[in-house]
Amino acid sequence: MCLNPGEILAGRYRIIARLGQGGFARTYTAQDIQNPENPPCVIKEIPFPQSENPQVLERARRRFQREARALQTLRNNSRIPELFNHFEENGNFYLVQEFMEGTPLSQELPPGQRWTEAQAIAFLREILEILNSIHQANVIHRDITPSNLIRRQTDRQIVLIDFGAVREISTFTSNSTGEILTSQAIGTSGYMPAEQYNPRSVPQLYNDIYALGIIAIQALTGQHPTNLPPDPATCDIIWDYSTPNRPAVQVSDNLKNILTTMVRYHFQDRYQSVDEVLQDLDSLQLPPPPPPPLPPVGKFRWLLFGVAGLGAGLAMGLLIPIIFPLISIISREPTLPTPSPTLPTPSPSLPPPSPDGVSSGEKLLVQPSDVSLKQRGINEFADSNYPAALKLLKQSWKEERKDPEALIYMNNALLKAINAEYYTIAIVVPIRRNQDGSILNANLAEELLRGIAQAQTEVNLGLPGVNENNKDFPGQGFLEPKAINGKGLKVIIADDRNIKDYAVKRAHYLVERPDILAVIGHYTSDMTVKTVDIYNDNKLVAISSGSTTEELTRKPRKYFFRTAPTTRIEAESLVNQLIFAGEKKAAVFYNPNSPFSLSLWEEFKKQFEALGGTTYKSSNYDDLSNNNFNAEAAIKEVDEKAGKTALLLIPDGQVTNSLENAIEMIKANNDRNWVVGPWTLYDPGTLKLATQLNSIEKLGISVFWHPLISFDKKFPQNVEKLWGGPVNTRAALTYDAARTLIKALEMQQKPSREGMQKTLADPNFKAAGATGIIEFDPNTRNRLNPPKRLVHIVPCSKEQFGFTFVPIEFTTAAAAGLKCE
């Protein structure tokens, strides 16, 4: 029910008038009768969400409290209305905020009138300074529109009002699995980016950057955003065009590039932080603009909550904004914003909000078969309800024991729930995704995460009281608990998608997090070569468990280490196997654009020919990454031009479809000629192929660890108990990378980024892992005395596809000691 003038709310606030009503809330003007001066204020009324699930209301309450706390952190920011009070009454949440007089920016943007470039730049700087302040406080607005930017009457500065996160609370609902989610998108059509139309999307910094860029474009073009056409190829907004009755926008190429980058359709192509935009703006050289004229305000008051903003969050099922009729606005000359004053700097202890693809427990990155309990645990984690998150994640783990993401999040929730001190490291993994962002294949990422999750669990089980109070925590009774000098270990997961642009953005985000002391990653050589200098320049240790290219040996970096052997070591294993099999000729198929694949081919060629072998490279079919690769035609060419020859297949680390093409080559070869390849072929897809062949005896794959030849004999046993089955060489090398960082943390009295580098680079540093003793060459920082073995495929009926990998010296599963019946 609406509040009426004269009613008293919470025994304190006398309602003066109702301002308006939108889809999610009502706003009122009121007076605080307990304040002698009776100052006017604005009250926002948000109804409880409508759901029969009691957890929905409880979640809404926690979110309301969290958002109120967030607004309170901004109380010293003069450009944000101050929050005076918050409470709930009569089935509604209420916010009481500062009342201001002013006019909305929408009045300064009449259709057809354009701002100058100087005006647009001054406006961008003013709002970017406001955004910089709120983003540093871990707050995202989500509904920046001209109606929510108010030019204050007293000083002509712009004030940012009506944060979208608060309005979201009334949209909470739950689905059939118990997952609590928002039922409608929060934002305003035309001003919110494509990803924000998805109610499940997690608010990100680049959402606000998009909205601000759109407003600047509106000011320069005189066109409402919904009237600007999209590019049919990219979906990007086209705004710098001309027509016979509409001249082109007079703006410099530099500013045009900045604005275009701010409003890219795909969020990964946008600026990821306000600092990035400000840096590019700083490069623009323009004379200072004149001060703005005072508009005729008269008796009109623009209140704290814009009426237009109340109905902004509409349910949007499309990713392209719906075109709304342009509302007639009183025409007036655009005014020039004034520069923003210096804003108070928030506490540096608060990390920036994590982007999509980065999570310590608040987002679902890897999708298991059943996510209901896990998602609920993640929801609680996001709301900082760590005991509840821990309980739900434990339940999820019991149902899906092979899920390493759940175990990492469980560890992180444990640290918070017991108030433990801890150190933080991150791991970057590749999750292969479709164009729409859905997961195509997460197997590789999960393999890597199992290694670090096991090492993290060993540390956190050693914290005081964990074994007594969390008896159902995984790993108890068999993992050796050992805290890091009495402290725990937090792990942040980042997904680089095996795409270079994503990898670069992940690296930039991680180096800006001062709490992160080291990073495990990136996995593939392609991503590592692209990002290694970002980590090195920012003095953050990156230790890779998968990058093997010699390119990183030729130009070593001070802060880069690796637990995986280089391609020179891997080539030795493959060359020795072919020489042992009596093969003197080898035809190569690889990805010439992959640093790993190219490096291994160069090392193999050099070593093989030095021992009297010859190599053949097709001019038509050598590129395994070609989308039109034809395995049958490639085999036919080898037969016709090279005769009987072994095949060297070097697929990349699932950056392209070269693994699938390599498996097709093994199939087309049909066990006629010997095939050798790197550990990228150590994949379930290769085992599955064996079911389609009469025999698969002539295949050798290099690996660096196998359960039957583990340096640490307890590791494979613990793996079986923890995960309910074996892990592979990738998990073992990631476990070793984690154990290496843990050892370096233990050796420092006050661990730091530079201390991590100095400790690892010390010639006397040693860490024991699953694959052996880890120590590093002081010059190259490559691993000294790295492991190298080969495996092949043998039948084993109890395995998933009826086959398994065993070290090549064992001719059968029985010879390897496996019980397959």
Side-chain angles (χ1 to χ4, degrees), residues 79 102-132 141 144-152 156-160 188 190-193 206-229 236-242 246-264 270-271 273-295 326 329 331-341:
R79 312 297 285 280
T103 55
L105 191 70
S106 55
Q107 290 196 12
E108 301 179 19
L109 300 174
Q113 294 197 21
R114 302 181 179 186
W115 286 10
T116 65
E117 179 166 354
Q119 286 176 307
I121 291 174
F123 165 73
L124 284 172
R125 287 188 181 281
E126 181 171 17
I127 308 306
L128 284 168
E129 291 296 338
I130 301 175
L131 288 184
N132 199 33
H141 188 279
I144 297 175
T145 66
S147 297
N148 286 335
L149 293 170
I150 307 303
R151 191 174 297 284
R152 191 162 46 196
R156 310 306 303 142
Q157 292 186 338
I158 291 180
V159 178
L160 180 59
T188 300
Y191 297 98
M192 64 178 179
Y206 47 70
N207 301 154
D208 287 349
I209 291 171
Y210 178 96
L212 177 57
I214 286 291
I215 297 172
I217 288 172
Q218 178 180 355
L220 287 166
T221 62
Q223 297 287 312
H224 192 276
T226 54
N227 292 334
L228 297 172
D236 287 335
I237 286 175
I238 302 173
W239 62 276
D240 56 341
Y241 65 93
S242 63
R246 179 184 180 275
V249 177
Q250 298 301 308
V251 63
S252 66
D253 287 341
N254 287 338
L255 180 58
K256 185 184 299 181
N257 291 335
I258 290 171
L259 291 174
T260 299
T261 305
M262 291 177 75
V263 300
R264 288 288 189 193
R270 263 177 249 147
Y271 290 108
S273 71
V274 166
D275 283 338
E276 293 178 17
V277 191
L278 287 171
Q279 286 174 12
D280 284 354
L281 278 176
D282 287 342
S283 66
L284 300 180
Q285 299 296 324
L286 288 172
L294 291 177
L326 187 64
I329 303 176
S331 202
R332 63 184 297 275
E333 289 296 321
T335 58
L336 185 66
T338 56
S340 170

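None of these values were measured; they are calculated from a predicted model.
- Judged as a side chain to side chain donor-acceptor pair (under 3.5 Å), and not counting sequence neighbours, the contacts of Ser252 are Glu117.
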- Would Glu108 and Leu105 satisfy side-chain contact (heavy atoms from CB on, under 4.5 Å), going step by step from the backbone distance to the final call? CA-CA 5 Å; Glu108 301 179 19; Leu105 191 70; 3.4 Å; yes
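- Looking at Arg79, its side chain never comes within 3.5 Å of a backbone N or O of Glu126 through a donor-acceptor pair.
- Atom OG1 of Thr221 and atom CG of Asn227 lie 9.0 Å apart (nearest 0.5 Å).
- Using a 4.5 Å cut-off on side-chain heavy atoms (C-beta onward), Tyr191 and Ile144 make no contact.
- In this structure, the side chains of Val277 and Ile258 come closer than 4.5 Å at one or more pairs of heavy atoms.
- Of all heavy-atom pairs between Gly190 and Pro225, the closest is O-CB, 3.4 Å.
- For Arg151 (side chain) and Arg156 (main-chain N/O), a donor-acceptor pair under 3.5 Å exists by modelled atom type.
- No salt bridge links Asp236 with Arg270; every basic N to acidic carboxylate O contact stays at or beyond 4.0 Å.
- Contact between Ile209 and Val274 at its shortest, heavy atoms only, is CD1-N, 3.9 Å.
- Partners of Asp275 under the side chain to side chain donor-acceptor pair (under 3.5 Å) rule, at least two apart in sequence or in another chain, do not exist in this structure.
- Partners of Ala219 under the side chain to side chain contact (heavy atoms under 4.5 Å, CB included) rule, at least two apart in sequence or in another chain, are Leu109, Trp115.
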